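Side chains included, hydrogens not; waters and symmetry mates left out as well; all remaining heavy atoms used. Computed from a predicted model, the values in this text were never measured in an experiment.
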Amino acid sequence: MKTLITFLTFFFSYITFAQTTISGVIYDEQNEPVMGVNVYLEGTYDGTTTDIDGKFSFTTEETANGKLIASYIGYEDYKLEAPINEMVGLKLRFRESMNALNTVVLSAGSFSAGDSSKASVLKPLDIVTTAGAVGDFVGALQTLPGTSNNADDGRLFVRGGSADETQIFIDGSRVFRPFSPTTGNIPTRGRFSPFLFDGITFSTGGYSAEYGDALSSVLLLNTTDFPKEEKTDIGIMSVGGNIGNTQIWGKNSLSVNAQYINLAPYNELIPQNNRFEKPFQSINGEAVYRREFDKGLFKAYSAYSYSDFAIIQEDIDVEEGFYFGLRNRNYYGNLNYNGYLSDSWKIETGVSLAHDNNDVNVATTKIKAVENALHAKLKLQKRYNNYFKLNMGVEQFVINYNEDIQLETEAFETGINHGITGTFTEAEVFASKDLAFKAGIRGDYYGASDQFRVSPRLSAAISINPASQFSLAYGNFYQSAQNNVQQYDENLKPENAQHYIANFLFKKNNRMLRAEAYYKKYDQLLTYDTQRVQFDSDLGNDGSGYAAGLDLFWRDETSIKNLDYWVSYSYLDTKRQFRNFPVEATPNFATDHNFSLVTKYWIEDWQSQIGATFNYSSGRPFTNANETGFLNDRTSSFQSLDFNWAYLIDQQKILYFSVSNVLGRDNVFGYQYSNTADVQGQFNRREIGQAADRFFFVGFFWTIGGSDNQLDNL
């Protein structure tokens, strides 16, 4: 009996001795106890939950080091790795968890579409369902504040900047020639199908240190990730047709798409204001291969396009006009990988290749311009926690550009080979869910001119209440001269702009108000002393200027049932002395006031969505040769009312109709004056107007296979 008592005493003493009590209390950031927190040792069944006072206590037989984890909805997990016997009387402090909807966002200067951020202003399919956009993503973006409507050009003009000051990226890789080439008074379009993209960010200033060689803005397009199902898409349009197919096998998928456009039949039916010798036609083909890996996604994208047209361009000094012909062949491809190296390291890397070949005939002059370009980029992200992330990366641009010019009596060849090497690092810091900062710095070496430039970028955002926030941004930006300019002087300095931005954002119950004031200071702008840049131009960087303004945006998807609308207004004050300007003046591509109203209304009984867009821009500057001064007059305002109607025939068939400039307003973009005065000493002029009074489009789109509902495309 004595032996048994001794054994039991020893046994229970051993059990008691082998167990360790882990205890503590958990508070939130306001020093209030948190009840119901799940607390446990990783890899064991040992744990408990906190009581009303935030206290916890449990025993474990573990004796070595362990990882204590405390988790609760709405807070960051707390992890403590330490010797078990030291986990006594702990005082732990929780931090509120961060997500896209409950935290402040760094939104100054940026619009986004397709993500879950509360700063997102557009849905991806707004790009193709906005009246007047005619399926062109640039057309939809021109309804946003900060852009100037230049309907005779078609590209993006942002906050007083020229179209060349905007750079476009696909999956992080630069697109060197994103628009089809054209000539004066015929608007261009983006080369790429809007259905390729499910995420778009349009930054009108103050953008990340990740992006260089862009003076005014960047447009970031992200292609769709791995498709969910196989399908075939067929489109029959009044201007051509397209067909696409997606196949999936295992972790691989391939999507192909081809499109043919020919405006000859359309031009026969609808009178044009230009005399076409050869109507515009194009063939485009795209392919996207995707491969899923355990921790990432690989994408290979390729696109080829061929286009040509020829017109007789009017000229007030040449009665019969002069011939302009253009044939373009363009290839663009990129390879991208996006994935994780570990739980805290993320990698994004890619390379893009581009080849662009233009044959241009202007009267008796022939120009052959060929550009080959490469962009390689590596970006790493280290995530320390939800409150601190560090981005870093390097990139390389290599560009070869050649022009072969044949005049009537002579011929010459010119060109340039150059590269830009860039590196950047940027930290994202969330002091709390209501206060965030981003600080970055970028360095670029411009090989042609042997110059190095450093560009700091800063932004901050503070939440005023759950629905409102205020943001500030500053950035210094550089951009090299265009290839057709730099080929005549490799020593040109990169042009410079500094951005200062203040932003207010309100978003609640599907209503959004966005107000942004900005100031841009330009320096080292390109100057020359000839009518246009040519081999004997005296080129320099003596230009400067400024742009200041206010952008307003309001979107409401709730107040009126089935009606979605947004209103944009921009005020712009800008002047420059650049190019061959004799004095500082407002460029002819900049307008003081821009206004857009976009509406989309769903009619259930008709299975239809009807949309209308009204665009207004105040008059553009031009030089009136009969008055003293430079850019001394203004055209009348630009106004256009556009309309579209999408009718859902059944789940996978849809009929689409649109017409631009319904009211047929005769918009004028400028004037050309004769070289010589008449007998009264006056210079005659001709209007530079729109290519067509209206543009009509009819399309039938059919998806075969899969579970897509064309209704989702509205």
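- F477 has its ring centre less than 6.0 Å from the ring centre of Y207.
- The minimum heavy-atom distance linking Q281 with N262 is given by the pair OE1-ND2, 3.7 Å.
- Using cut-offs of 30° and 60° for the angle between ring planes, the F697 and Y656 rings count as perpendicular.
- Salt-bridge annotation for R177 and E371: present, with a side-chain N of the basic residue lying under 4.0 Å from a carboxylate O of the acidic one.
- Across D551 and S570, no two heavy atoms sit closer than the pair OD1-OG, 3.1 Å.
- Side-chain N/O atoms of Y616 and N149 include no donor and acceptor closer than 3.5 Å.
- When only modelled atom types and interatomic distance are considered, Y522 and T574 share no side-chain donor-acceptor pair under 3.5 Å.
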Worked verdict on L156 versus Q142 for side-chain contact (heavy atoms from CB on, under 4.5 Å): CA-CA 7 Å; L156 283 169; Q142 286 173 344; 4.2 Å; yes
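- Between F397 and H375, the angle of the ring planes stays under 30°, which puts this pair in the parallel group of the 30/60° scheme.
- By the 6.0 Å and 45° rule, R576 stacks over the aromatic ring of F578.
- Heavy atoms only, all atoms of each residue included: L539 and L526 are closest at CD2-CD1, 4.1 Å.
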Stepwise side-chain contact (heavy atoms from CB on, under 4.5 Å) check, Y569 with F553: CA-CA 7 Å; Y569 168 75; F553 178 85; over 6 Å; no
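- Formation of a donor-acceptor pair under 3.5 Å by the S352 side chain with backbone atoms of S173 is not found in this model.
- In this structure, R329 is not positioned above the aromatic face of Y306 in the sense of NZ or CZ being under 6.0 Å from the six-membered ring centre and within 45° of the axis.
- With hydrogens and angles ignored, the 3.5 Å screen pairs a side-chain donor or acceptor of D213 with a backbone N or O of S480.
- A cation-pi arrangement is not found for R191 relative to Y332, the charged atom failing to lie both closer than 6.0 Å to the ring centre and inside a 45° cone about the ring normal.
- For the residue pair R665 and F638, the shortest heavy atom distance occurs at NE-C, 4.4 Å.
- Salt bridge K520/E495: absent, no basic N to carboxylate O contact under 4.0 Å.
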Test log, rule ring pair (Phe, Tyr, Trp, His ring centres under 6.0 Å), inputs Y266 and F695: CA-CA 10 Å; Y266 179 85; F695 182 77; 5.1 Å; yes
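- With values rounded to the nearest 0.5 angstrom, Q577 atom CD is found 9.0 Å from F630 atom CZ.
- Taking the ring centroids of F589 and F157, they lie under the 6.0 Å cut-off.
- Taking the charged nitrogens against the carboxylate oxygens, K368 and D404 have no contact shorter than 4.0 Å, which rules out a salt bridge.
- Side-chain atoms of D317 and S674 include no donor-acceptor pair closer than 3.5 Å.
- Of the possible donor and acceptor atoms, none in the side chain of T635 sits under 3.5 Å from a partner among the backbone N and O of F669.
- Side-chain N/O atoms of D573 and Y571 include no donor and acceptor closer than 3.5 Å.
- D642 and N661 share no donor-acceptor pair across their side chains, judged by distance under 3.5 Å alone.
- For the pair K377 and D171, the salt-bridge criterion is not met [side-chain N within less than 4.0 Å of a carboxylate O].
- Salt-bridge annotation for R155 and D164: present, with a side-chain N of the basic residue lying under 4.0 Å from a carboxylate O of the acidic one.
- The shortest non-hydrogen separation linking L492 to A481 is CD1-CB, 4.1 Å.
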